[in-house]
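Since the structure comes first, as structure tokens, the remarks are kept for the end.
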Amino acid sequence: MKAIRGAITVKADTAEEIKKNVRLLLTKLTEKNGLTAENIVCIMFSNTSDIHSYYPAKAAREVGFFNCALFSSIEPDIDDSLPLCIRVMVLAETEITPKHVYLNGAANLRKDITKKLNIAIDGPAGSGKSTVSKILSKRFDILYLDTGAMYRACALACENAGIDCKDEASVQAFADSVDITVKYENKAQKTYLNGRDVTEIIRTPHISMMASVVSAYGCIRTKMVELQRKIAKENSCVLDGRDIGTNVLPAAEFKFFLTASPEIRANRRLAENELKGFNQSFEDVLREIKARDEQDTGRKIAPLLKADDAMEINTDKLTEEEVANEICSVIQGKI
Ligand code: DC
């Protein structure tokens with residue numbers, strides 16, 4: 001069962017205006033969400049207290065919603081509330097991600113669910129980016145794009161083709177034939193290399209190091225950044241990476257840069273690796289983290305860097321939930 005929200009304003013408190021706009025709101029909401037009257041369990045309306053002429057629920061029944069439960073109520077008078085406004089919540093039996101519908105200026109009521117959001121989260125390996133990004137994508141019900149996975153898939157492509165990833169000329173000659181795509185299944189990102197799902201096998205420590213090497217090359221970055229920008233243009237999403245705020249989406253409204261000490265990051269990575277069954281000592285992981293930091297910050301093209309307008313959060317003493325809470329409150333405060 002899903003709850004789908006919507007609202008609309010009417011020009012005047014007349015039965016005709018209310019009927020017309022309730023019909024419009026319900027038509028758009030059902031069309032956008034692929035619903036029929038049969039999927040809908042109940043429709044609840046609330047309207048501002050300046051509407052007296054007609055029950056929105058009665059208007060809904062008249063336009064064909066006979067079988068679901070219908071309910072209308074009046075909201076308390078709140079200063080600054082949008083006048084002549086009808087809000088709706090539709091409960092429906094569906095698996096889709098709800099598409100909320102705000103019409104006739106009512107979008108201002110819920111910018112958090114109607115506005116296109118691109119959230120950039122950058123930082124070094126182990127700073128908590130991916131877990132925090134996943135929490136944010138759930139809270140805002142938007143996509144999560146793990147851009148590192150795309151560079152990992154490029155590294156795997158080199159490995160599979162027997163190409164030395166340290167040899168830029170060979171990687172460049174081969175780069176055009178590498179086909180990386182990103183798909184979403186049940187809202188989770190799947191990364192494909194030449195049509196094959198490589199989501200899981202790119203998570204090894206070896207591929208991490210190789211990804212850091214190939215991601216320094218312009219021939220790889222140009223292709224990946226183009227794909228990242230396309231996904232961000234078409235969707236509300238949270239993107240994590242190294243150069244999202246500085247290079248991929250320099251105009252993003254929300255930019256965060258997560259940091260943590262190398263030791264803390266190595267400990268986090270060690271715990272993750274243990275769960276995945278990779279046997280590495282703390283010293284090995286710390287060495288790799290430091291080597292990657294050096295490679296990612298030291299490269300010429302789009303290095304790991306905090307954007308001037310990004311908010312820096314040191315995650316040493318914070319849980320991922322706490323970091324996500326801080327980011328959420330910054331975003332909620334601005335929209
Ligand atoms: O986030 P990650 O560990 O999966 O990233 C793997 C490597 O990819 C990382 O060491 C640097 C590179 N990368 C990048 O250069 N730019 C990004 N936006 C994301 C990752």
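Counting convention: from 1, in listed order, for ligands and their atoms alike.
- Of all protein heavy atoms, the one closest to atom 8 (O) of ligand 1 is Tyr151 CB, 3.6 Å.
- Nearest protein heavy-atom neighbour of atom 1 (O) of ligand 1: Arg242 NH1, 2.9 Å.
- Under the 4.5 Å side-chain heavy-atom criterion for Ile, Leu, Val, Met, Phe, Trp and Tyr, Met150 and Ile220 are members of the same hydrophobic cluster.
- Counting only distance, with no hydrogens or angles, the side chain of Lys2 and the backbone of Ile96 share a donor-acceptor pair below 3.5 Å.
- Test Glu320, Glu326, Arg268, Lys129 against Thr315 for side-chain hydrogen bond (donor to acceptor under 3.5 Å, both in side chains) and you get one pass: Arg268.
- Ranking protein heavy atoms by distance to atom 19 (C) of ligand 1, first place goes to Thr147 OG1, 3.3 Å.
- Within a 6.0 Å sphere centred on NZ of Lys223, other residues, nucleotides and ligands contribute more than 12 heavy atoms.
- Around the NZ atom of Lys166, the shell of radius 6.0 Å holds no more than 12 heavy atoms that belong to other residues, nucleotides or ligands.
- In this structure, the protein non-hydrogen atom closest to atom 16 (N) of ligand 1 is Arg221 NH2, 3.0 Å.
- Without hydrogens or angle criteria, Arg265 side chain to Ala260 main chain gives a donor-acceptor distance under 3.5 Å.
- Shortest non-hydrogen contact noted between Leu304 and Thr297 is O-CG2, 3.2 Å.
- Using a 4.0 Å cut-off between heavy atoms, Gln228 makes no contact with ligand 1 at all.
- By the criterion of a heavy-atom distance under 4.0 Å, neither the backbone nor the side chain of Met150 is placed next to ligand 1.
- Each of the following atoms of ligand 1 lies closer than 4.0 Å to a heavy atom of Arg292: 2 (P), 3 (O), 5 (O), 6 (C), 7 (C), 9 (C), 10 (O).
- Using a 4.0 Å cut-off to heavy atoms of Ala211, the atoms of ligand 1 that qualify are 6 (C), 7 (C).
- Using modelled atom types, one side-chain atom of Lys255 and one backbone atom of Pro250 make a donor-acceptor pair closer than 3.5 Å.
- Close approach of ligand 1 to Ser215 is summarised as follows: ligand atoms under 4.0 Å from at least one heavy atom of the residue are 11 (C), 12 (C), 15 (O).
- Contact annotation: for Ala125 versus ligand 1, there are no heavy atoms closer than 4.0 Å.
- Phe140 and Ile135 end up in different hydrophobic clusters when Ile, Leu, Val, Met, Phe, Trp and Tyr side chains are linked at under 4.5 Å.
- Listed by atom number, the atoms of ligand 1 under 4.0 Å from Gly241 heavy atoms are 17 (C), 18 (N), 19 (C).
- Atom 4 (O) of ligand 1 has Arg152 NE, 2.7 Å as its closest protein atom, hydrogens excluded (heavy atom only).
- Of the polar atoms of Asp296, at least one N or O is found under 3.5 Å from an N or O of ligand 1, judged by distance alone.
- Across the listed options Asp243, Asn247, Ile202, Asp243 owns the non-hydrogen atom lying nearest to atom 18 (N) of ligand 1.
- Crowding of Glu95 atom CD: a count of heavy atoms from other residues, nucleotides or ligands under 6.0 Å not exceeding 12.
- Atom numbering of ligand 1 starts at 1 in the shown order; those under 4.0 Å from a heavy atom of Arg299 are 14 (C), 15 (O), 16 (N).
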